[in-house]
Amino acid sequence: MRLKIFHSLLLKETLLLFRAQNGLISMVSLILSFLYIFHFVFEKDFFLERNTIAGIRWSLLYLLSFIYISQSSWEEREGGADRIGSGMISGTYIYLAKTVSSFSALTLSSLVLNFACLFLFEKSSMSFNEFIMQYALLLPGMLSVAAIGVCISRISEATRLKEIIIPVLQIPLSLPPLLFGMNAERKMLASGKIPLEGFFVVLSFSIFYLTLGTLAEEILGGKD
Amino acid sequence: MKESDFKLSSHYIDILLSAVFAVIFPFSVWYSLNVPGVVLAQGVSHRIFYFHVSVAWVALYAPVISSIAGIFYLWKKEEKWDIISESMCRLSLVFSIAVLFSGPIWAKSNWGVYWDWTDARLQSFFALFLGLCGYFLLRSLIPDILKQAKIASVFTVFISLNSLLTWGAIRWMDNPGNHPGSVLGKGGMDTQMKTAFYLNVLSYHILFLILSIILYRLVKTERRNKRLLYSES
C-alpha cells in the first residue's frame, strides 16, 4: 500500500516537473544556450580544459536544481495539490517523492548536458570507464543538492515569500557538496581513478541531507 | 535559589566579566601591536592575524552552539533554548562580518587582491555568512512564532555543518588555495607571538561571553514586548 502511494506520488511529481510551462523543452534549450555561449566565447580561440568543462557541468546542474525545485513547488502550490496532498499523505512521503523526481530530472539533464558537450567542446570526450567514474561522483552530488533543495522548498512554504526565498537559503547549503564534488572530479581527471575520499565525502553529504530532510519533515509535521 | 538571589548573582557576574574584559582587552591589543616582532615576509599587516583568527574562532563555533541549543529546543520545547540559539546566530553574524572585513585587508597586502575566489576557506566562510543571513531572513518571514522557532532550529543544524566545513576546508581539501594553514598545527610562532595570540583569544572569548549574556536578555525582552503588543492588540 505504502509503495503504491509512493509510486503515485512519484508519478505525479514527475508529471508536474515536465508538464510545467513546457518544462523539459525549456530545460534542454537552457542547457544548450549556456553551453553554446561558452563554446562561442572560448572554443574558437582555444580548447577548454576538461577541468573547466567539469566545472561548467556542475554549475549548470546546480542552476537547474533551483529551477526544477522552485518550479515544481510553485506549480503545486498554485494548483492547490500541496494543500490537498498534505492533508492525506505523510509529509515524509511527499518529501521523498519530490527529492527522487528532482534527482531523476537532474540525472536526465546531466545526460543531455554530457551529450551536448561532446559536440561543443573538443576535449570533452571520455572513455566508458571515465563516464562511469564521473557519474559515481555526479549522482551523490545531485542527490544531495536535490535533498537539501526540496527540504528548503518545503520549509519555504511556511514563509511569506514562498519559493522566492529558495535560492537564498539553498545557495549556502548546497555550495559545500558542489565544491567537494568538483574537487573530487578534478582529482579523478588528474589521476585517472576515482578518489575514494572525495566520493565518500559527496556520498556523506547526500546521506546527511536526505536524513536531515526526512527528519525535518517528521519534526515539523509536514510543511509546518 | 530565589529569583532575587539569581538576579543579584548575575549582576555580580556582569560586573566581574566587564572588569576582566576592561583590563585584558586593551592590554592584549597593545601587546599584539607592540611586542611580537614583525614577520618579514608579511610586513606589519600580519598583526591583523591576532584579531582575525580569534574572532574567526568565535564566528565558527557559535553556530555549533546554536545548533545544539536548537536540538534542545526541538527536544524540550522550552523557549530559552530557542533564545540561546538565536543569540548565538546573531553573535556569529557580527563576528563573521568582522572576519570578512579583516581578512581582505590582510589579503590585499599579501596576495595583492582583496578576495581569492579559488580559495576553499574563503568560499566556505562566505557560504557560512550567507547561511546566517538566510537564517535571519527565514525568521523574519515566518509570522507564526512557534513555527519560526521550530524551523529556525532545524536550519541551525544545516548552518553548523557549514561551520564545520569551514574549519575543515584547509584540512580536508587537497588544494585548498592560498589561505594559511592552521595556526595550531604549524608550531611556527615564537613565545611572544603565542602570548599575543592567546591573550587575544582570551579577550575575544570574554567579549563573546559578555555579548552572549546581553543578547540573551535582549532577545528575551524583545519577545516579551512582542507578546505584550499582541495581547494588547
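Note on naming: letters A, B, ... go to the chains in the order of the sequence lines (proteins, then strands), and numbering restarts at 1 for each one. Since this is a predicted model, take the numbers as computed values, not measurements.
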Report yes if the side chains of B:Asn162 and A:Pro172 come closer than 4.5 Å at any heavy-atom pair, otherwise no. yes

Got A:Leu169 and B:Phe158 here, is their nearest side-chain heavy-atom distance under 4.5 Å? no

For [X], does the [atom1] atom sit with more than 12 other heavy atoms under 6.0 Å from it, leaving out its own atoms?
| X | atom1 | result |
| --- | --- | --- |
| B:Tyr61 | OH | yes |
| B:Lys220 | NZ | no |
| A:Phe34 | CZ | no |
| B:Trp75 | CH2 | no |
| A:Lys193 | NZ | no |
| B:Lys226 | NZ | no |

Counterpart residues, side-chain contact (heavy atoms from CB on, under 4.5 Å), relative to A:Ser206 (two or more places apart): A:Pro140, A:Leu143, A:Ser144, A:Leu203

Who pairs with A:Val100 by side-chain contact (heavy atoms from CB on, under 4.5 Å), at least two apart in sequence or on another chain? A:Phe6, A:Leu10, A:Ser104

Give me the contact list for residues 78-91 of chain B versus chain A, heavy atoms only, anything under 4.5 Å, ordered by residue number. none

Filtered by a 4.5 Å non-hydrogen cutoff, the part of residues 125-146 of chain B contacting chain A is B:Ala127, B:Leu130, B:Gly131, B:Gly134, B:Leu137, B:Leu138, B:Ser140, B:Leu141, B:Ile142, B:Pro143

Just verifying a value: how many Å separate [X] [atom1] and [Y] [atom2], rounded to the nearest 0.5 Å?
| X | Y | atom1 | atom2 | result |
| --- | --- | --- | --- | --- |
| A:Thr159 | B:Lys147 | OG1 | NZ | 10.0 Å |
| B:Lys150 | A:Ile219 | NZ | CD1 | 9.0 Å |
| B:Leu161 | A:Phe205 | CG | CZ | 5.5 Å |

I'd like to know which of A:Leu215, A:Leu212, A:Val168 tops the heavy-atom pair count under 4.5 Å against chain B. A:Leu212

